[in-house]
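Down below is the structure, laid out as structure tokens.
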There are 2 protein chains.
Amino acid sequence: MGSPGTGGRGPAHTLDLLWGTVRPGRRGPRGGLSVEAVVRAAMDLADAEGLAAVSMRRVAESLDVTTMSLYRYVPGKDDLCDLMLDAASGTPDTADWPDDWRGALEHLARDMRALFRRRPWVLEIPISGPPLGPNNLAWMEAGLAAMRDTALDTGERIRLLMLLTGHVRSEGQRDLSMERAGARTGVAPREWGRVYGEMLGRVLADERFPTLARHVREGMFDSPPNADPEEDFEAGLALLLDGVEALLARRAAAGDDEGPATG
Amino acid sequence: MGSPGTGGRGPAHTLDLLWGTVRPGRRGPRGGLSVEAVVRAAMDLADAEGLAAVSMRRVAESLDVTTMSLYRYVPGKDDLCDLMLDAASGTPDTADWPDDWRGALEHLARDMRALFRRRPWVLEIPISGPPLGPNNLAWMEAGLAAMRDTALDTGERIRLLMLLTGHVRSEGQRDLSMERAGARTGVAPREWGRVYGEMLGRVLADERFPTLARHVREGMFDSPPNADPEEDFEAGLALLLDGVEALLARRAAAGDDEGPATG
DNA sequence: CCCAAACCGTGTACGTCGTACACTTTGGTA
DNA sequence: TACCAAAGTGTACGACGTACACGGTTTGGG
């Protein structure tokens, strides 16, 4: 499971792979495969059977080549996953995004969420560093563009973007874990909250959680905590952006002799 | 890697494991091991060498027993990880938490963050469902208690708690990935931003990211985006709680004929 | 009192994983 | 044309989780 070897020829090569700027090599036979083909095969596998089904062997098998031939195109599995992540991220469609920063950021967050719902396995890929691929940077570009008219400085904009993606990822991972918890016990995802409540209710009856117990007794699990993931997501998003508005309002009130940010 | 078998005797047994309410069984030889001993050994291993080093074989080896004997105490590795998570979570120390909800929630978030800094491997454990262990519930209890005097309803309180833990986890995972990215390239974590900037700067010079390029040209990476994780964490936390305050203010302004929440 | 049931711990084995390494085949270039 | 980098193959190693059958130990019910 670990990486005994070095993996690749350094992060510079990984960057070339991400951006598709690999010199094909003039000598030798023309390769029948390509980085994109390998990545696409891996993505197809992940789409069909989940990330756990993506092994070098299975990917190679689906391409009708041997396992080791993949290593001619990809340094190792970790890098393959990084490539999959960027490829699956795609490019945000900002056509119908509104002009105001809040509306645009809401669209960004929702589009990102839709992406994770479409390809849940993206959330399972361990992030190995800052976003470096073109697609991930395209999302960053869209986010920064959405904030162009705000009074936030560069650091704040990036932080807010990170915060937003963090929220989208967290919420998506929670949804995923709920679904899988349901699959493991054989209960439908929606009914999990019921089981949850029963379990907790039985257990909390005689323990040292007064506040929790009070909430349970007041019917906390009649409508279980995460019954509507969409509402949780939207509420968190709204809270976050409300925080931003508060910050902007504070700033506008404080430095009103200063000119507004020039677009 | 997957779980071909059923793993355990259902989630009810896992709950018993978590709460330490396992009937020892009157017949047969007294076991030299125990669930706690196994979990502790696994945690020691994770503390020393990271979660990747925690395998059934290595845990058994550290306990001077064979691999399979572990399965007498733990249904499988997934459940072991769940147990490790709850055990590592410990119990929040609310002694020096202030009385106001905001201060208390800040302390909760910071204490949680400290926990993840102390045991980074906790963040690598894939969450398999809602919090069910006593320690995780203790954190939930503390969080709910912190909000006892607010005008939030139960659902909102839980959502806020989830949002907070999501933020702490996200930020911790980002720190972790940064550290590991540095380790992989052989660069110190602090210098990563520099490399990041160089890479992006080189790449962005001739591409289709106008806003991003503008920020880069304006010195975005002179002080790299995630140079100070602590500041990022605190800023996000503040933003979040500002959002809550805005919600509370809105609520207070709207329904002032309604009595305040009774503690 | 005794035997069978329950339980602990062991040993072996299977299928899977990532990937190192030596090899043959291929085809552009010096 | 001869060479050699590169594509693709085959084999192998050391891990992993865990199913399964077995022998040893304790204890409860008859």
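Lettering follows sequence order; numbering is per chain, from 1.
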Whole-Å gap separating C1' (D/dG14) and CD (B/Glu61): 14 Å
Nearest-angstrom distance from the residue atom CE of B/Met56 to P of D/dC16: 11 Å
What nucleotide, of C/dG11, C/dT19, D/dA7, holds the atom closest to the side chain of A/Arg72? D/dA7
Residue A/Arg58, side-chain atoms from C-beta onward, closest of C/dT19, C/dC17, C/dG9: C/dC17
All N/O pairs under 3.5 Å across the protein-nucleotides 26-29 of chain C interface:
unit_1 : atom_1 : unit_2  : atom_2 : d
C/dG28 : O3'    : A/Arg26 : O      : 3.4
C/dG28 : N2     : A/Arg27 : NH1    : 3.3

Whole-Å distance, A/Leu70 CG to C/dA20 P, equals 14 Å
Does the side chain of A/Ile127 reach to within under 4.5 Å of the side chain of A/Arg169, using non-hydrogen atoms? yes
With a 4.5 Å limit on heavy-atom distance, are the side chains of B/Val168 and B/Leu108 in contact? no
Atom CG of B/Asp79 to atom C1' of D/dG17: distance rounded to whole Å? 13 Å
Within-4.5 Å side-chain heavy-atom neighbours: B/Arg159 and A/Glu231: yes
Sequence-distant partners of B/Asp47, salt bridge (charged side-chain N to carboxylate O under 4.0 Å, His left out), two or more places apart: B/Arg119
Earlier contact from the 5' end, DNA chain C, for A/Ala53 and B/Leu33: B/Leu33
Classify the ring geometry between A/His167 and A/Phe233 as parallel (under 30°), tilted (30 to 60°) or perpendicular (over 60°). parallel
Which whole-number value in Å describes the distance from B/Lys77 NZ to C/dC17 P? 16 Å
Short side-chain N/O contact from B/Thr66 to OP1 or OP2 of C/dG11, under 4.0 Å: no
Length of the OH-P vector between A/Tyr71 and D/dA7, whole Å: 16 Å
From C/dT10, C/dG9, D/dT11, nucleotide with atom closest to B/Met68 side chain: C/dT10
Looking at A/Arg40, I'd like to know if its CZ atom is crowded, meaning that more than 12 non-hydrogen atoms belonging to other residues, nucleotides or ligands lie closer than 6.0 Å. no
Where the side chain of B/Arg57 is concerned, which of C/dG9, D/dG8, C/dA13 is the nearest nucleotide? C/dA13
Does a side-chain N or O of A/Ser69 approach OP1 or OP2 of D/dT9 to a distance below 4.0 Å, or not? yes
With A/Asp86, which of A/Leu137, A/Leu132, A/Leu18 fulfils side-chain contact (heavy atoms from CB on, under 4.5 Å)? A/Leu18
